[in-house]
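Note that this is a predicted model, so its numbers are computed, not measured.
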Amino acid sequence: MAMGRGSRNAALLLSILLIACSPLNSLATTHVVGDSQGWGFSMSYANWANGKSFAPGDTLVFNYQAGLHNVVPVNAAGYRSCKASGSASKAATTGDDKFTLKKGANYFICSIPGHCEAGMKIQVIAN
């Protein structure tokens with residue numbers, strides 16, 4: 001009978017260790033870019049991101065009317081210049097686009113001509 005109790009305790013300890021060591025992705029947060037205003041010309045996305053905490057594995061959701069905008073992940077140079085260059089083929093166009101954040105800086109723009117220059121770009125740092 002003592003063996004049964006020991007096995008149960010070992011199983012309980014193993015379960016606790018597995019939960020404690022599980023990836024943090026299970027704690028990932030979903031952030032809707034622009035909140036209820038979504039992805040468009042209506043706000044400063046730098047201000048929207050300011051003060052929010054982002055972590056690797058979190059999801060950014062871009063809501064907009066399909067056909068009017070898109071979302072393209074770019075590098076820092078693409079963000080600064082508003083040029084998608086080779087990333088244009090990665091444009092998301094559904095109007096309900098989701099991206100998982102990687103550790104460090106994550107950059108997104110709208111590649112429709114003039115949109116990024118009008119403020120449709122966002123930089124998010126996932127720490």
Side-chain angles (χ1 to χ4, degrees):
M1 197 151 152
M3 276 297 270
R5 187 177 303 142
S7 295
R8 230 180 340 201
N9 288 342
L12 179 61
L13 180 59
L14 180 60
S15 296
I16 291 170
L17 285 173
L18 286 173
I19 291 169
C21 294
S22 66
L24 291 179
N25 287 346
S26 62
L27 302 175
T29 301
T30 298
H31 305 273
V32 177
V33 175
D35 298 318
S36 63
Q37 294 179 33
W39 181 237
F41 298 118
S42 59
M43 69 167 29
S44 163
Y45 294 101
N47 289 344
W48 175 83
N50 190 32
K52 289 183 173 48
S53 294
F54 300 96
D58 282 1
T59 300
L60 286 187
V61 179
F62 292 81
N63 292 321
Y64 57 93
Q65 185 176 341
L68 292 182
H69 305 296
N70 65 27
V71 184
V72 182
V74 294
N75 60 22
Y79 176 81
R80 284 190 303 275
S81 68
C82 285
K83 300 279 187 243
S85 48
S87 302
S89 62
K90 298 177 189 172
T93 58
T94 68
D96 182 32
D97 304 317
K98 297 170 179 66
F99 294 89
T100 302
L101 297 177
K102 64 179 180 10
K103 183 171 178 56
N106 295 260
Y107 303 95
F108 303 91
I109 66 170
C110 178
S111 67
I112 306 282
H115 290 203
C116 178
E117 292 84 355
M120 289 190 66
K121 63 182 189 174
I122 186 170
Q123 172 187 359
V124 171
I125 308 296
N127 293 319

* Below 2.5 Å, is that where the SG pair of Cys116 and Cys82 sits? -> yes

* Structure fact -> In this structure, SG of Cys110 is separated from NE2 of His115 (nearest 0.5 Å) by 5.5 Å

* **Least distance between heavy atoms, Ile109 atom then Ala84 atom** => CD1-N, 4.0 Å

* Determine the sole option in Thr94, Asn70, Asp97 for which the side-chain hydrogen bond (donor to acceptor under 3.5 Å, both in side chains) test with Tyr64 is passed. => Asp97

* Which atom names give the shortest non-hydrogen contact between Thr59 and Lys98, and what distance separates them? -> CG2-CB, 3.9 Å

* **Heavy-atom donor-acceptor pair, Asn106 side chain to Gly104 backbone, under 3.5 Å** => yes

* Asked: What distance do Lys52 atom NZ and Thr29 atom OG1 have between them, rounded to the nearest 0.5 Å?
  -> 12.0 Å

* Asked: Going only through I, L, V, M, F, W and Y residues with side-chain contacts under 4.5 Å, is there a path from Val32 to Leu60?
  -> no

* Where Asn75 and Tyr107 come nearest, the two heavy atoms and their spacing -> C-CD1, 3.7 Å

* Structure fact -> Scanning both residues in full, the closest heavy-atom pair of Gly57 with Ala28 reads O-CB, 3.2 Å

* How are the rings of Phe41 and His69 set to each other: parallel, tilted or perpendicular (split at 30° and 60°)? -> perpendicular

* Under 3.5 Å, side chain of Asn63 to main-chain N/O of Gly38, donor-acceptor pair present? -> no

* Structure fact -> Of all heavy-atom pairs linking Leu101 and Ala55, the shortest is CB-O, 4.0 Å

* Met43 and Met120: same hydrophobic cluster, using ILVMFWY side-chain contacts below 4.5 Å? -> yes

* **hydrophobic_cluster_shared for Val33 and Val61, side chain cutoff 4.5 Å** => no

* Out of curiosity, Lys90 NZ to Phe99 CZ, how far, rounded to the nearest 0.5 Å? -> 10.5 Å

* To do: Grab the two heavy atoms, one from Ser42 and one from Gln37, that are nearest each other, plus how far apart they are.
  => OG-OE1, 3.2 Å

* Rounded to the nearest 0.5 Å, how far does OG of Ser44 lie from CD1 of Ile122? -> 9.0 Å

* With the 4.5 Å side-chain cut-off for hydrophobic clustering, are Phe54 and Val71 part of the same group? -> yes

* Asked: Going by the angle between their ring planes, with limits at 30° and 60°, are Phe62 and Trp39 parallel, tilted or perpendicular?
  -> perpendicular

* Working to the nearest 0.5 Å, report the span between CG of Asp58 and OG1 of Thr30. => 7.5 Å

